[in-house]
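In what follows, a structure is listed as structure tokens, so that the remarks can point back to it.
Please read these numbers as outputs of a predicted model, since none were measured by experiment. The figures here come from the full heavy-atom set of this structure, side chains too, leaving out hydrogens, waters and symmetry mates. In what follows, every chain begins at residue 1, and chains take the letters A, B, ... in the order their sequences are listed.
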Amino acid sequence: MKKTAEDFAHIPGWGIDADPKNEPTYPNRHRTGEEHEGRSWVRPTQQVLDREVLHSIERPDYTAVVGNSVPPSGLSGMIRRFAFKYSENEYLHWLPLLMADKVNVVEGIIDDIAHGTVPNIWAEKGYNAQWKHDRSGMLVKIATAAAVTAGLVYWLMPKNDRSDKYVARGNYKSGSKR
Amino acid sequence: MLAMDFRGPKRVRAVQKPMPTILHPEDAIVKVLRTCICGSDLHLYNGNVPDTRVGMTFGHEFVGEIVEVGSEVTNVKVGDRVLVPFNIACGRCIFCKQGMFGNCHESNSEATAVGGFLGYAHTGGGHNGGQAEYARVPYANFGPTVIPAGMSLDDAVLLTDITPTGYQAAEMAGIQPGDTVVVFGAGPVGIMAARCCWLFGAGRVIIIDKEDYRLEFAQNFAKCEAYNFEKDMDDPVMFIKKQTDWIGADACIDAVGAEAAGNAMQTITGRKLLLQAGSATALHWAINSVRKGGVVSIVGVYGPTDNLVPIGNLINKGITMRGNQASVKRHLPRLIDHVMNGILKPSELITHRIPLEDVADGYRIFSAKLDNCIKPVLIPPTANA
Ligand SMILES: [Zn+2]
Ligand SMILES: [Zn+2]
């Protein structure tokens with residue numbers, strides 16, 4: 001079972017980065033002693049906050065640079081602000097954020113429509129590509145979805161309607177509806 | 001400018017957005033020439049990462065040309081063609097000083113566990129990414145690295161994340177010459193990790209996945225053994241034990257993360273109900289098939305909530321478990337050498353070149369594993385001008 005280096009001649013660069021001192025905690029062990037001084041480094045210039053940025057309560061302040069892609073807004077923003085009252089150690093931080101994401105999707109659709117855009121869900125989901133490369137799989141999915149929908153509609157229909165229709169069909173010739 | 005726009009789970013599009021501007025004296029604006037879709041983008045795309053906001057632009061793997069710099073930028077200049085590491089690192093905090101650039105303490109206000117990432121949700125700092133014609137790059141004195149003359153843009157773009165991530169996966173596995181290493185997941189990172197295991201002197205490299213086309217690709221690119229866990233074995237752990245004289249592998253690499261298939265319980269609790277940080281099937285396999293005293297190296301992305309991992313076995317088996325986001329900048333000098341010397345050719349992973357306008361199709365092709373896709377690269381319309 002033992003192999004020798006000659007076996008690996010066909011692998012370009014075999015063993016080129018092997019290091020007998022390689023141990024898996026590198027570079028955490030690559031220490032200078034400064035880390036014991038805490039937050040002692042010379043911090044970069046603070047970016048001007050031109051919009052609302054949420055920050056983890058596991059740090060006292062903002063990082064020197066912040067992303068500014070999408071500030072919290074609307075109902076999802078309220079949920080996010082709530083989540084950031086809790087540390088990253090808490091479910092109350094992460095689960096509300098996941099919920100806010102779902103609310104945010106609906107807000108996105110409302111926002112699109114308010115700006116006169118009807119979202120092209122088919123294109124946004126990349127179904128053009130799916131149709132091109134996986135037509136049969138997609139047809140199966142569509143058929144399954146249609147069957148499930150039909151089943152659900154039938155199941156959700158008021159019971160009376162269902163039996164009325166059944167009775168009506170069954171007694172058609174008599175012309176009576178019970 | 002044209003940019004990718006996230007609208008909700010599995011819904012993205014390309015729209016016109018305002019040009020990014022200099023917001024900090026160490027910022028640079030980069031005109032994007034190549035940008036990839038990454039497996040970790042799919043966690044965002046599927047709605048599994050908390051605080052992924054509608055309207056955000058993804059993209060943490062890109063190369064481009066610097067078109068504007070802030071007043072304190074001295075290391076790069078307008079006109080430089082740069083590759084941009086996916087981690088945003090200040091270069092001076094205690095973590096950066098230790099070479100842990102994926103854990104910078106000055107780039108992500110929203111979370112303290114991870115550093116800031118370009119284009120990776122607000123959990124990654126809320127920075128817009130490079131799936132756009134232009135991108136803002138913070139700490140431009142530190143991250144962006146000039147692409148050496150003679151290196152193709154395609155090779156360069158794969159040095160922004162997956163090559164260093166695969167390389168670090170092998171590094172964290174603590175491989176000693178002759179070791180048997182098992183890589184779970186034959187996505188781009190897993191394939192690259194398998195390739196890099198040889199550079200650390202592995203004696204045997206095995207990769208495990210469920211897509212035949214990926215396994216075939218891995219076999220050619222990484223020159224390793226490749227097995228399908230759905231077809232070639234009943235139980236991956238038993239399979240590895242048998243392959244290693246009933247000892248276990250010296251090191252196991254989890255290159256899958258939260259989207260793992262192969263276990264119904266994990267799928268329900270991790271991917272559907274989101275009760276844990278994603279499906280941890282690959283991690284279970286890694287912990288259970290490594291030998292006692294071995295090393296488990298994790299580069300697959302997991303969400304931030306609890307995990308039902310067999311942590312008891314960490315103690316029982318004396319395993320060293322190691323995971324991190326790759327510190328791209330730390331590996332670049334070595335990896336640039338390897339690419340220039342022909343030891344690695346990362347661009348061979350690229351199977352699809354997609355115009356940025358068709359970003360929705362790109363995400364669909366990659367996420368649904370259509371058309372034998374391994375790695376898609378997006379090309380903004382301005383890249384050719
Ligand atoms: Zn990536
Ligand atoms: Zn830092």
Residues B:Val54, A:Glu107; criterion side-chain contact (heavy atoms from CB on, under 4.5 Å); working and verdict: CA-CA 8 Å; B:Val54 167; A:Glu107 290 171 337; over 6 Å; no

Consider only side-chain N and O atoms of [X] and [Y], and report whether a donor and an acceptor are under 3.5 Å apart.
X        : Y        : value
A:Glu88  : B:Thr112 : yes
B:His338 : A:Asp17  : yes
A:Thr63  : B:Ser107 : no
B:Asp361 : A:Tyr127 : no

Audit row: A:Val65, B:Arg136, side-chain contact (heavy atoms from CB on, under 4.5 Å) steps and yes/no: CA-CA 12 Å; A:Val65 305; B:Arg136 170 197 172 212; 4.2 Å; yes

Go through the atoms of [X] and report whether side chain, backbone, both or neither lie under 4.5 Å from a heavy atom of chain B.
X        : answer
A:Ala100 : neither
A:Glu90  : neither
A:Pro72  : both

Closest approach of A:Gly38 to B:Ile94 (non-hydrogen atoms, all atoms of both residues): O-CG2, 4.0 Å

Closest contact, heavy atoms only, B:Arg92 versus A:Val42: CD-O, 3.3 Å

Name of the residue among A:Asp112, A:Val105, A:Asn104, A:Ile109 meeting side chain to side chain contact (heavy atoms under 4.5 Å, CB included) with B:Arg7: A:Asp112

A:Glu124: which of B:Arg364, B:Lys10, B:Arg11 passes side chain to side chain donor-acceptor pair (under 3.5 Å): B:Arg11

Check ion pair A:Asp101-B:Arg53 (N to O, under 4.0 angstrom): no

